[in-house]
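For reference, positions follow the sequence shown, starting with 1. Note that these values count all heavy atoms, side chains included, but never hydrogens, waters or copies made by symmetry.
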Amino acid sequence: MSILNSFDNETEEILKPSHVTEKIDNFPEVVVATFSDKIINLVKNMSSAVQISDMSAGYTIPIYKINYDGNDVAVYQTILGGAGSAGLMEEVIAKGGKKFVFFGSCGTLDQGIAAGHFIVPVAAYRDEGTSYHYAPPADYIEVRTADKLAGIFQQLDIPYIKTKTWTTDALYRETRKNMMNRKLEGCLAVDMECASIMAVSQFRNVELYQFLYAEDTLDGIEWDSRTMGKISRSTFEKYLQIALQVASRV
């Protein structure tokens, strides 16, 4: 069966997330998900941090609760790729999460976008498989929370751009032809999760806000890693603070 025909709006799954993950009393409704172990280490060292649950993805993934600006927020490190990040998100929804803030790095399809610049996706090209199990077939999935997130960035006086993003399962198969096709359609970023997690959020009727920060770029004769693997602790601290400020406003 073609992946494009995988969507099934049946409401009773064979195995629901709630069958493998029990709801946790007083689980924070607002959840921050990062892809960086360095950011999780910053969270663990916060004075208010306490582990409240965990998940398994071949290794144990702890979920922490911190108090930020007077509100409890859950934080966990998700995993690379749409299928894995969607599966963990399902478990956190079952535990009680209702509003999610995802943030992580992306590649750019325009070398004029400086490394470290913030990107708010408005739609994601579905070059992955997970979203087709949650939403009817279409080339793109809309990011319904983009305008609200952009408004928060304006309140915080943080420079950003809004653009479509290309979500792919295969980071080592970002070919020049595919890159140019996506760029012609208005995609200025490439990531591995946006389409998948947006489809989950819309199917499960939870809010998901995602911002990206530019690292490498595909827009050149050769791939340019730029700041990939070279981000300082202070920059990670800035990214975390922005995510928590967004979380306190959603």
Side-chain angles (χ1 to χ4, degrees), residues 11-104 130-131 133-135 143-146 148-149 152 193-212 236-237 239-250:
T11 57
E12 293 295 328
E13 295 94 344
I14 294 172
L15 182 64
K16 289 186 176 180
S18 56
H19 291 169
V20 294
T21 303
E22 296 296 327
K23 182 174 176 59
I24 297 176
D25 291 338
N26 300 316
F27 192 89
E29 291 188 357
V30 180
V31 182
V32 170
T34 176
F35 294 88
S36 169
D37 59 340
K38 295 179 176 62
I39 287 176
I40 282 296
N41 286 334
L42 293 173
V43 170
K44 288 164 57 176
N45 289 327
M46 290 183 174
S47 60
S48 64
V50 57
Q51 184 176 339
I52 56 173
S53 187
D54 60 58
M55 298 177 286
S56 177
Y59 59 95
T60 301
I61 298 176
I63 302 175
Y64 298 97
K65 180 176 71 175
I66 62 172
N67 189 275
Y68 183 81
D69 199 23
N71 298 305
D72 286 339
V73 179
V75 187
Y76 71 99
Q77 182 183 350
T78 191
I79 55 181
L80 191 69
S85 57
L88 293 180
M89 185 179 172
E90 284 271 30
E91 294 195 27
V92 178
I93 291 170
K95 292 175 186 292
K98 295 181 179 179
K99 296 182 178 182
F100 290 76
V101 178
F102 271 72
F103 69 109
T130 301
S131 68
H133 294 275
Y134 288 89
V143 179
R144 299 172 182 171
T145 55
K148 183 174 179 179
L149 179 56
I152 293 172
E193 298 84 20
C194 185
S196 301
I197 58 180
M198 288 298 165
V200 173
S201 72
Q202 292 172 18
F203 187 80
R204 296 298 181 195
N205 197 30
V206 299
E207 295 179 26
L208 172 58
Y209 303 82
Q210 184 178 24
F211 68 88
L212 307 168
F236 277 123
E237 289 173 343
Y239 293 160
L240 175 59
Q241 284 301 311
I242 291 172
L244 293 175
Q245 289 180 73
V246 170
S248 70
R249 288 166 168 78
V250 298

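Within the structure, ring-ring contact (aromatic ring centres under 6.0 Å, His included) pairs that include any residue of residues 66-104 comprise Phe103-Phe211 (at least two apart or interchain). Each salt bridge (Lys or Arg N to Asp or Glu O under 4.0 Å) pair with one or both residues in residues 29-43, not counting sequence neighbours, appears once here: Glu29-Lys98.
The closest side-chain heavy-atom distance from Pro28 to Val73 is not below 4.5 Å. Side-chain contact check for Leu240 versus Val43: some heavy-atom pair is nearer than 4.5 Å. A 4.5 Å side-chain heavy-atom check between Leu80 and Glu193 finds at least one atom pair inside the cut-off.
Checked by atom type and distance alone, the side chain of Ser248 never pairs as donor or acceptor with a backbone atom of Asp69 at under 3.5 Å. Listed for the Lys99 side chain is a donor-acceptor partner under 3.5 Å among the backbone atoms of Val250.
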Practice item. Would you check, one step at a time, whether the test side chain to side chain contact (heavy atoms under 4.5 Å, CB included) holds for Leu88 with Ile79? Key: CA-CA 8 Å; Leu88 293 180; Ile79 55 181; 4.0 Å; yes

Exercise for review: Determine, stepwise, if the pair Ile40 / Val75 fulfils side chain to side chain contact (heavy atoms under 4.5 Å, CB included).
Suggested key: CA-CA 8 Å; Ile40 282 296; Val75 187; 4.1 Å; yes

Check your understanding: Could you go step by step and tell me if Gln77 and Tyr64 meet the side-chain hydrogen bond (donor to acceptor under 3.5 Å, both in side chains) rule?
Key -> CA-CA 10 Å; Gln77 182 183 350; Tyr64 298 97; over 6 Å; no

**Study point:** Verdict with supporting geometry, Leu42 and Glu237, side chain to side chain contact (heavy atoms under 4.5 Å, CB included)
**Key:** CA-CA 7 Å; Leu42 293 173; Glu237 289 173 343; 3.7 Å; yes

Point to revise | Val206 vs Met89, side chain to side chain contact (heavy atoms under 4.5 Å, CB included): CA-CA, chis, key distance, verdict | key: CA-CA 10 Å; Val206 299; Met89 185 179 172; 4.0 Å; yes

Mind listing the side-chain donor-acceptor pairs of residues 53-62 below 3.5 Å, one per line with the distance, residues two or more places apart or on another chain?
{"residue": "Ser53", "atom": "OG", "partner": "Lys95", "partner atom": "NZ", "Å": "2.8"}

Identify all side-chain donor-acceptor contacts of residues 194-201 below 3.5 Å with residues at least two apart in sequence or on another chain.
{"residue": "Ser196", "atom": "OG", "partner": "Glu128", "partner atom": "OE1", "Å": "2.6"}
{"residue": "Ser201", "atom": "OG", "partner": "Met198", "partner atom": "O", "Å": "2.8"}

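Rounded to the nearest 0.5 Å, atoms CZ (Arg249) and CG (Leu149) are 11.5 Å apart. Atom CD1 of Ile152 sits about 12.0 Å away from atom CD1 of Ile242, to the nearest 0.5 Å.
Judged as a side chain to side chain contact (heavy atoms under 4.5 Å, CB included), and not counting sequence neighbours, Asn71 has no contacts. Residues passing the side chain to side chain contact (heavy atoms under 4.5 Å, CB included) test with Ala49, sequence neighbours excluded: Met46, Ile66.
Residue Tyr134 forms a side-chain hydrogen bond (donor to acceptor under 3.5 Å, both in side chains) with just one option from Glu90, Arg204, Gln202, and that option is Glu90.
Heavy-atom minimum distance, Ala86 versus Thr130: CB-CG2, 3.8 Å. Minimum heavy-atom separation, Gly96 to Phe27: C-CD2, 3.8 Å.
Glu207 and Tyr209 share a donor-acceptor pair across their side chains, judged by distance under 3.5 Å alone.
Around atom CG of Asn205, no more than 12 heavy atoms belonging to other residues, nucleotides or ligands sit under 6.0 Å away.
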